[in-house]
Engineer: 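Okay, here's the structure, questions in a sec.
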Amino acid sequence: MAAFKRPGELSASAFGLSFADRDAGSAAPPPIYNKNERLALTEQLLYLVEAHATTVVVGETGSGKTTQLPQYLHEAGWTGGGRMVACTQPRRVAAMTVAARVAEEMGCRLGQEVGYAIRFEDVSTPGVTRLRFCTDGVLLREMMDDPLLQKYSVVMVDEAHERSLATDVLLGLLKKVQRRRPDLRVIISSATIEAEAIARFFDTSNVRRPVGHVEALPAEGQPPSRSPALMSLEGRMHSVQVHYLETSTSNYLQSAVEAAIAIHKDDQPGDILIFLTGQDECEAAVKLLDEEGRRLQRSRLKWRLQPVALYAGLPATHQLAVFEPAPRGVRKVIAATNIAETSVIAATNIAETSVTLEGIVYVIDSCFAKQRCYNPLTGLESLLIAPISKASAQQRAGRAGRVRPGHCFRLCTEDDYESKLPASTVPEMQRSDLASTVLQLKSLGIDNIMSFEWLAPPPAETMVRALETLHALGALDGDARLARPYGTQMAELPLDPPLARMLLASGQMGCTAEVLTVVAMLRFAVAEGDLISYLNVWKAWEESGRSKKWAIANYVMHRSLLRAADIRNQARLWPRVCAAAWLQAHLRRLGIKPSSALDGASAFDQEALATVRKALAAGLFINAAKLTDELQVKLSDQEDSGASVYRLVRSAGGEAAAAKLRIHHSSVLFRCRPQWVCFYAAEQNDTGWYEMRDILAIESGWLTELAPHMYRLAPVNTQMRR
DNA sequence: GAGCACTGC
């Protein structure tokens, strides 16, 4: 393969690497769709928004689209007449930080003309706020009260190319809303790769026009064109030279470490970012680099190597440390998971600001990532290491070009890159459990789920499974319509349907306090330790005069509050406490009174405990499993043997029955081997076993009692079947 | 003995 070099740029061999060089494919400029070249960019955008119901904006990193576009719209009068401009983000921190920056640029106080809304928090003032930044999930929730989004004149969906579940649902709904509200303008910002597909999706004009066609302005009082406009904004990115392996590697971790060392030896300053798939790999890479670095130092290399790991599970303080610039004479090597792929990395646990990785000049890409897969036949999820998409690889490469021209080393051959990596990542919509999404759509009055227009239709099996799950939980009736009261109540609760169902059951069984705690633990235990949420609880407690009564009523531990008064860095312990108080408010709104089964009872009161367990089982009965006589066969010396085998109860045959389940090692029930269990989550690991997590031991009779529509006693033996 | 790509309401 011919090496291609630009003057002044180094080839891979300059780093002592046997990589094939190739000119920066990732830095190739996107196609320009702007037609009216005589108009300034601002005017051009405003023209398109005026003339088209939908405008797709291809904005490169650094184009300022997120912060600038809403301000242009504000200045142009789109926030007049009491209406607002919404700008949605896939992540909470992004919504907060972008709002803060725009408020600063506009010289107003956050929460006044410019505000934001995320879970737990609404920093906006009705009647005053004109630009509202929020997560796409928040806007979806808002649609339950305001299905046509009457409060907004424009909705801008940012980072649509990430194709998160919430973004895809929102785009489908926005298309629907546009039919009823021709005046609504939708702006979608996306990377090049997804832009045309999104534009085609929103095209409801019956005339086939080339993508990017520019319409004339509508006459006064007339609706805009229904064929979308497409426009690109150029960013400030440096070129990135891409290198491929000449022969493929069987150990990308080792290859990554070798590549990093080779770059380091070359002595060109600039930090290195390595993309790996998980925590283990990141830690292993750091260890190897550390050893290698010490060896190099002994050989008197003047640059010191400073390897650090970066993944979401890392304590907040460690995460923040990664962002500190390396001292002079030190080269940082960051071994990171996918967390480093998105443009902005958040350190929410510490501060409400986002941080970007600065100083990266070299990217080493394993070209793999862990991907969630959902199997609708078993209803179980698995996490598999899979090759990333080309779109994803380009995004990763782009991280090398922020400060100056950079290099990206892909740990695969160019042939493999071209032939084995898919063009784009399968949208989350097509590899997730959709029970929650279907419930949300049903509560928005979309009864015919199967004919909903999706940007990427999910597998039919997944839809059927979602309907079955919701029916089993009592959220849908026999005609798949929202059932009262469970369906409407479950839709109100911002939780997975099984968790919502157990909360509702706890109201009837008199143990909301205990179930609230369990749900908060399951859902928020490892979630972000958001300082602001913490402050909300703190403020409410202060306002109550630091009342112990308030703390008890809100399921906040009074002693923790007192301790927190002294110890600020305990904030990480807070989310679950916060979540319980927040869920309690939701229950109150549904008219469910607080109750407790264990209050006053001894901690070992079996009867009281059984009440709580039954309430939990009311949400989990779909995932019931029975102990079998089999013991896991010892397949190899390394493999753990002797683990008990469980089978799903819900299906007598087929794939679900074939699923081999075992209790996860971490479970306290691992050695107990209860006959009957329910579980909240099971994940397939690389040995093919599904490991049950968050397990509850149940009595067999509970299944027929709680879910007679799903389980009945088999006449011959005790085996349950649907 | 031992675990979790990344988000979100």
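Residue numbering restarts at 1 for every chain, and letters A, B, ... go by the order of the sequence lines.
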Engineer: If I take atom CG in residue A:L310 and atom C1' in nucleotide B:dC6, what distance separates them, rounded to the nearest angstrom?
Structural biologist: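 About 12 Å, once rounded to whole Å.
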Engineer: So, does A:R92 get its side chain near the phosphate of B:dC9, meaning an N or O under 4.0 Å from OP1 or OP2?
Structural biologist: yes
Engineer: Using the side-chain heavy atoms of A:R91, tell me which of these nucleotides is nearest: B:dC9, B:dT7, B:dC6.
Structural biologist: B:dT7
Engineer: State which of B:dC9, B:dG8, B:dC4 makes the closest approach to the side chain of A:R693.
Structural biologist: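 Taking heavy atoms from C-beta onward, the closest nucleotide is B:dC4.
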Engineer: Which is it for B:dC4, anti or syn, if anything within 90° of zero counts as syn?
Structural biologist: syn
Engineer: Is A:E683 touching bases, backbone alone, or none of the nucleic acid, heavy atoms closer than 4.0 Å?
Structural biologist: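 Touches nothing.
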Engineer: Please state how far atom CD in A:E691 lies from atom P in B:dG3, giving the value in whole angstrom units.
Structural biologist: 9 Å
Engineer: Does A:N338 or A:L493 map to a spot on DNA chain B nearer the 5' end, using the closest nucleotide for each?
Structural biologist: A:N338
Engineer: Could you tell me whether A:E194 and A:R163 have a side-chain N and a carboxylate O separated by less than 4.0 Å?
Structural biologist: yes
Engineer: Let me know, please, whether A:A117 or A:Q279 comes out on the 5' side of the other along DNA chain B by nearest nucleotide.
Structural biologist: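 It is A:Q279 whose nearest nucleotide is closer to the 5' end.
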Engineer: Does any N or O in the side chain of A:Q89 come within less than 3.5 Å of the main-chain N or O of A:A95, such that one atom is a donor and the other an acceptor?
Structural biologist: no
Engineer: Atom CG of A:D280 and atom C1' of B:dG3: how far apart are they, to the nearest Å?
Structural biologist: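 My rounded result for the distance is 9 Å.
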Engineer: Within the 4.0 Å heavy-atom criterion, would you say A:T337 contacts the bases, only the backbone, or no part of the nucleic acid?
Structural biologist: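 Answer is sugar-phosphate: A:T337 comes under 4.0 Å of backbone atoms only.
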Engineer: Keeping the roles fixed (side chain from A:R399, backbone from A:A340), state whether a donor-acceptor pair exists under 3.5 Å.
Structural biologist: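 Looks like yes, one N/O pair under 3.5 Å.
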Engineer: In whole Å, I'd like the distance from the CD atom of A:E162 to the C1' atom of B:dT7.
Structural biologist: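 It is 9 Å, rounded to the nearest whole Å.
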Engineer: Looking at A:Y486, I'd like to know if the NZ or CZ of A:R501 sits under 6.0 Å from its six-membered ring centre while staying within 45 degrees of the ring's axis.
Structural biologist: yes
Engineer: Just how far, in rounded Å, is P of B:dC6 from CZ of A:F368?
Structural biologist: 18 Å
Engineer: Nearest whole Å is fine: how far is B:dC9 C1' from A:L439 CG?
Structural biologist: 12 Å
Engineer: Tell me the interatomic distance from A:D136, atom CG, to B:dC6, atom P, rounded to whole angstroms.
Structural biologist: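 Taking atom P of B:dC6 as the reference, CG of A:D136 is at 19 Å.
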Engineer: From B:dC4, B:dC6, B:dC9, pick the nucleotide closest to the side chain of A:R372?
Structural biologist: B:dC6
Engineer: Taking only the side-chain heavy atoms of A:K370 (C-beta and beyond), determine which of B:dA5, B:dC9, B:dC6 contains the nearest atom.
Structural biologist: B:dA5
Engineer: Has A:T135 got a side-chain N or O lying under 4.0 Å from the OP1 or OP2 atom of B:dC9?
Structural biologist: yes
Engineer: Using a cut-off of less than 4.0 Å, is there contact between a side-chain N or O of A:R141 and OP1 or OP2 of B:dC9?
Structural biologist: no
Engineer: What is the distance, rounded to the nearest whole Å, between atom CG of A:L583 and atom C1' of B:dC9?
Structural biologist: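 Value for this atom pair: 10 Å.
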Engineer: Are any of the side-chain nitrogens in A:E142 or A:K151 under 4.0 Å away from the carboxylate oxygens of its partner?
Structural biologist: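 Salt bridge flag = yes for A:K151 with A:E142.
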